[in-house]
Amino acid sequence: MALTRTSLVDLNSAELILDLDADTSIRANTDDTVDIKIAGNTEVKITTTGLAPGVSDGNALGTSALEWSDLFLADGAVISFGDDQDTTLTHTDGSGLTLNSTNKLMFNDASQFIQGVSATVLDIAATDEIELTSTLIDVVGNLAVSGTIVGAGALTAATSITVGSAVLTEAEL
């Protein structure tokens, strides 16, 4: 049967059944909320403020075989993670992305991570090695090394080298 009426069809919060066994339907029995049921369960809710799954941790957005193409978010958009939204990734307009608080961006088994531990300190941690590959690594600021410095090439200093309290200058060499 086809709906051919050209004027408003008012279901007055009745359920619009979509399949033979009557377990897939659309219903708007709460003001400004549309529920979509599949297999008898509310799987999607549409309200004036959002598109949501029927229950927390309910539906995936896409599947391993049917992926969405692109995602477009507004300036200042926030992606929240966890049941209590304790981890967020926020678009900082014109600058990039901000990971909230002192949360970590972790790799592999979580023993490797980048973390803003405070407003002034950034940690880059790994269990064995951090490799920086470039023709030039420019450190702007002081370099504090708590371990041994091993160099495969030359050590170049602009004016002097200090070991303990002894200073060796270019003129002395």
Side-chain angles (χ1 to χ4, degrees), residues 32-36 38-39 41-173:
D32 299 327
T33 300
V34 176
D35 293 328
I36 300 174
I38 301 173
N41 299 310
T42 300
E43 298 295 340
V44 178
K45 286 186 164 296
I46 304 171
T47 67
T48 57
T49 59
L51 173 67
V55 296
S56 181
D57 200 17
N59 292 33
L61 188 58
T63 68
S64 61
L66 296 169
E67 306 87 2
W68 293 98
S69 175
D70 299 311
L71 176 64
F72 297 89
L73 301 173
D75 284 347
V78 178
I79 301 174
S80 299
F81 298 91
D83 289 343
D84 55 357
Q85 293 82 48
D86 61 331
T87 301
T88 61
L89 192 58
T90 304
H91 172 253
T92 306
D93 188 26
S95 298
L97 298 173
T98 303
L99 184 62
N100 70 312
S101 186
T102 57
N103 288 323
K104 301 173 183 178
L105 181 59
M106 295 181 271
F107 305 91
N108 297 319
D109 63 359
S111 66
Q112 300 170 320
F113 59 86
I114 299 171
Q115 178 186 29
V117 295
S118 72
T120 59
V121 177
L122 176 69
D123 279 356
I124 300 174
T127 52
D128 291 323
E129 178 179 330
I130 296 172
E131 183 175 319
L132 303 174
T133 304
S134 178
T135 55
L136 175 66
I137 310 278
D138 188 8
V139 177
V140 179
N142 296 324
L143 179 63
V145 178
S146 60
T148 302
I149 297 175
V150 177
L155 173 62
T156 304
T159 57
S160 64
I161 298 173
T162 302
V163 178
S165 62
V167 176
L168 180 60
T169 66
E170 180 180 5
E172 293 171 319
L173 289 174

Which residues satisfy the side-chain hydrogen bond (donor to acceptor under 3.5 Å, both in side chains) test with [X], sequence neighbours excluded?
{"X": "Thr42", "value": "none"}
{"X": "Glu170", "value": "none"}
{"X": "Thr169", "value": "Glu172"}
{"X": "Lys45", "value": "Asp35"}

(message) Let me confirm one number: the OG1-CG distance from Thr87 to Asn103, rounded to the nearest 0.5 Å.
(response) 4.0 Å
(request) State the CD1-CG distance between Ile36 and Asn59, to the nearest 0.5 angstrom. (result) 10.0 Å
Checking [X] now: which residues fulfil side-chain contact (heavy atoms from CB on, under 4.5 Å) with it, not counting sequence neighbours?
{"X": "Thr63", "value": "Ala65, Leu66"}
{"X": "Ser165", "value": "none"}
{"X": "Asn41", "value": "Glu43"}
{"X": "Ser80", "value": "Val78, Gln85, Thr88"}

(message) Could you check whether any side-chain heavy atom of Leu99 comes within less than 4.5 Å of a side-chain heavy atom of Ile114, counting everything from C-beta outward?
(response)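 No, too far: nothing below the 4.5 Å cut-off.
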(message) Is there a side-chain contact between Asp32 and Thr47 in this structure, where contact means two heavy atoms from C-beta onward sitting under 4.5 Å apart?
(response)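 Of all side-chain heavy-atom pairs linking Thr47 with Asp32, none is under 4.5 Å.
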(message) Going by side chain to side chain donor-acceptor pair (under 3.5 Å), name the pairs with one or both residues in residues 132-157, residues two or more places apart or in two chains.
(response)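 Pairs touching residues 132-157 that pass the test: Glu131-Thr133.
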(message) Listing request: all side chain to side chain donor-acceptor pair (under 3.5 Å) pairs with a residue in residues 105-117, at least two apart in sequence or in separate chains.
(response)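 Qualifying pairs, neighbours excluded: Asn108-Gln112, Asp109-Ser111.
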Write down the atom of [X], the atom of [Y], and the distance for their closest heavy-atom approach.
{"X": "Phe113", "Y": "Phe107", "value": "CA-CD1, 4.2 Å"}
{"X": "Thr92", "Y": "Thr98", "value": "OG1-OG1, 2.5 Å"}
{"X": "Ser118", "Y": "Val121", "value": "OG-N, 3.2 Å"}
{"X": "Val167", "Y": "Ser160", "value": "CG1-CB, 3.8 Å"}
{"X": "Met106", "Y": "Ala110", "value": "SD-CB, 3.4 Å"}

(message) Going by salt bridge (charged side-chain N to carboxylate O under 4.0 Å, His left out), name the pairs with one or both residues in residues 81-92, residues two or more places apart or in two chains.
(response) none
(request) Might you work through the side-chain contact (heavy atoms from CB on, under 4.5 Å) test for Leu73 and Ile79, ending with a clear yes or no? (result) CA-CA 10 Å; Leu73 301 173; Ile79 301 174; 4.0 Å; yes
(request) Check Val44, Thr49, Thr48 against Ile46 for a side-chain contact (heavy atoms from CB on, under 4.5 Å) and give me the one that passes. (result)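 For Ile46, the side-chain contact (heavy atoms from CB on, under 4.5 Å) test succeeds with only one of Val44, Thr49, Thr48, which is Val44.
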